[in-house]
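Written below as structure tokens is the structure these notes are about.
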Amino acid sequence: MAAICVFCASSERIPPHYIELATQVGAELARRGHSLISGGGSVSCMGAVARAARAGGARTVGVIPQALLEWEIADEQADELVVSFDMRSRKGEMDGRADAFLTLPGGLGTLEELLEIWVARTLRMHDKALVVLDPDGIFAPLRQQVDLLIHKGFARRSVQDAIVWAETVTAAFDALEHATQVQPPSGEEVLEAEP
């Protein structure tokens with residue numbers, strides 16, 4: 001079981017199929033036995049993923065900054081609701097609790113969260129899985145931008161190895177689980193651990 005941090009939209013102006021996607025993600029997360037770390041809001045995709053995860057029996061942890069308590073309407077049904085001082089401490093709390101990251105289509109906040117985790121992984125500041133579920137190409141321009149940065153020498157080709165792009169919920173969770181599998185210790189490690 002992994003604690004999966006899901007970055008996603010809190011806007012209520014988005015097409016309803018993104019809310020449905022978030023609902024599918026929450027249900028699949030629970031079905032596979034994982035727990036959820038979210039941004040602590042109860043609206044839009046953020047609320048949908050948390051409600052679906054809880055409905056499937058998953059533990060949910062929401063992390064919301066004090067200033068957004070009224071804006072996003074906090075997820076009071078979360079098993080644990082953490083109120084952070086600001087956005088930076090919110091992200092630190094979410095990052096620290098997560099075993100892996102899944103990004104759904106979202107706005108500037110989602111994009112910022114994705115880029116920060118992606119950069120940290122490329123700098124080897126963490127080795128947690130990072131998967132983007134993008135069924136209809138919302139992040140296609142970002143991928144093109146990164147390709148251009150690589151082509152012009154501003155980024156190394158290895159930045160692409162730090163992220164997995166998926167088009168279906170199943171493919172996203174398969175990639176997360178593949179990357180977060182705990183490898184059994186080798187024979188030498190077992191012998192060294194024995195008293």
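Nothing here was measured: the structure is a model prediction, and the numbers come from that model. All residue numbers in this chain count up from 1 along the given sequence. The figures here come from the full heavy-atom set of this structure, side chains too, leaving out hydrogens, waters and symmetry mates.
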Identify the heavy atoms of Arg121 and Asp161 that sit nearest to each other, and give their distance.
NH2-O, 4.4 Å

Under 3.5 Å: donor-acceptor pair, side chain of Arg157, backbone of Ile150
no

What is the distance from atom CZ of Arg54 to atom CG of Leu29, rounded to the nearest 0.5 Å?
12.0 Å

Test side-chain contact (heavy atoms from CB on, under 4.5 Å) applied to Ile73 and Ser42, step by step:
CA-CA 6 Å; Ile73 308 170; Ser42 64; 3.5 Å; yes

With the side chain counted from C-beta on, respond yes when Met125 and Val119 share a heavy-atom pair under 4.5 Å apart, and no when they do not.
no

More than 12 non-hydrogen atoms from neighbouring residues, nucleotides or ligands closer than 6.0 Å to CG on Leu108, yes or no?
no

Can you list the steps and then say if Val132 with Trp118 is a side-chain contact (heavy atoms from CB on, under 4.5 Å)?
CA-CA 11 Å; Val132 178; Trp118 191 357; over 6 Å; no

Of Val6, Leu130, Val131, Leu133, which meets side-chain contact (heavy atoms from CB on, under 4.5 Å) against Thr103?
Leu130

Can you give me the closest heavy-atom contact between Ala53 and Ala30, atom names plus distance?
O-CB, 3.4 Å

Joint hydrophobic cluster, Ile14 plus Val49, side-chain heavy atoms closer than 4.5 Å
no

Might you point out which heavy atoms bring Ala172 and Leu102 nearest each other, and give the distance in Å?
CB-CD1, 4.0 Å

Do Asp95 and Glu113 have side chains that approach each other closer than 4.5 Å (heavy atoms only, starting at C-beta)?
no

For His126 against Ala120, the heavy-atom pair lying closest together:
CD2-CB, 3.6 Å

Determine the minimum heavy-atom distance between Ala3 and Ser35, stating which atoms define it.
CA-OG, 3.3 Å

Side chains of Phe101 and Leu114: closer than 4.5 Å at any heavy-atom pair?
no

Rounded to the nearest 0.5 angstrom, the OG-CD distance for Ser89 and Gln66 is 10.5 Å

From Lys91 atom NZ to Glu112 atom CD, the distance as rounded to the nearest 0.5 Å
3.0 Å

First locate atom SG of Cys5, then atom CG of Leu36, and finally report the distance between them rounded to the nearest 0.5 Å.
8.0 Å

Let me check something: do Met94 and Ile163 share a hydrophobic cluster, defined by ILVMFWY side-chain heavy atoms less than 4.5 Å apart, either directly or through other members?
yes

Step by step, would you call Leu115 with Leu142 a side-chain contact (heavy atoms from CB on, under 4.5 Å)?
CA-CA 10 Å; Leu115 289 173; Leu142 173 63; 4.2 Å; yes

When the ring planes of His34 and Phe173 are compared, do they come out parallel, tilted or perpendicular, using 30° and 60° as the limits?
parallel

Side-chain touch Gln77/Thr60, heavy atoms, less than 4.5 angstrom
no

Does some side-chain heavy atom of Arg32 sit less than 4.5 Å from a side-chain heavy atom of Leu176?
no

Looking at CD of Glu80 and CZ of Arg97, how far apart are the two atoms once the value is rounded to the nearest 0.5 Å?
4.0 Å

Under a 3.5 Å distance rule, please check whether Asp75 uses its side chain to pair with a backbone N or O of Gly40 as donor and acceptor.
no

Taking atom CD of Glu20 as the centre, report whether more than 12 heavy atoms of other residues, nucleotides or ligands fall under 6.0 Å from it.
yes

In short, Ser10 meets Met46 closest at the heavy-atom pair CB-CE, 3.9 Å

Are Val63 and Val83 joined in one hydrophobic group, where the rule is that I, L, V, M, F, W and Y side chains link up if heavy atoms are under 4.5 Å apart?
no

Same hydrophobic cluster for Val25 and Ile4, using side-chain heavy-atom links shorter than 4.5 Å among ILVMFWY?
yes

Straight-line distance of Ile64 CD1 to Leu69 CG, nearest 0.5 Å:
5.0 Å

His178 vs Val164 side-chain heavy atoms within contact, under 4.5 Å:
no

Is there a donor-acceptor pair closer than 3.5 Å between any side-chain N or O of Thr110 and the backbone N or O of Cys8?
yes

side-chain contact (heavy atoms from CB on, under 4.5 Å) assessment of Arg143 paired with Gln160
CA-CA 9 Å; Arg143 296 177 74 175; Gln160 294 173 328; over 6 Å; no

Can you confirm whether Ile19 sits close enough to Ser44 that some side-chain heavy atom of one is under 4.5 Å from a side-chain heavy atom of the other?
yes

Whether Arg90 side chain and Gly39 backbone form a donor-acceptor pair below 3.5 Å
yes

Indicate yes or no: at least one non-hydrogen side-chain atom of Val146 is less than 4.5 angstrom from one of Phe139.
no

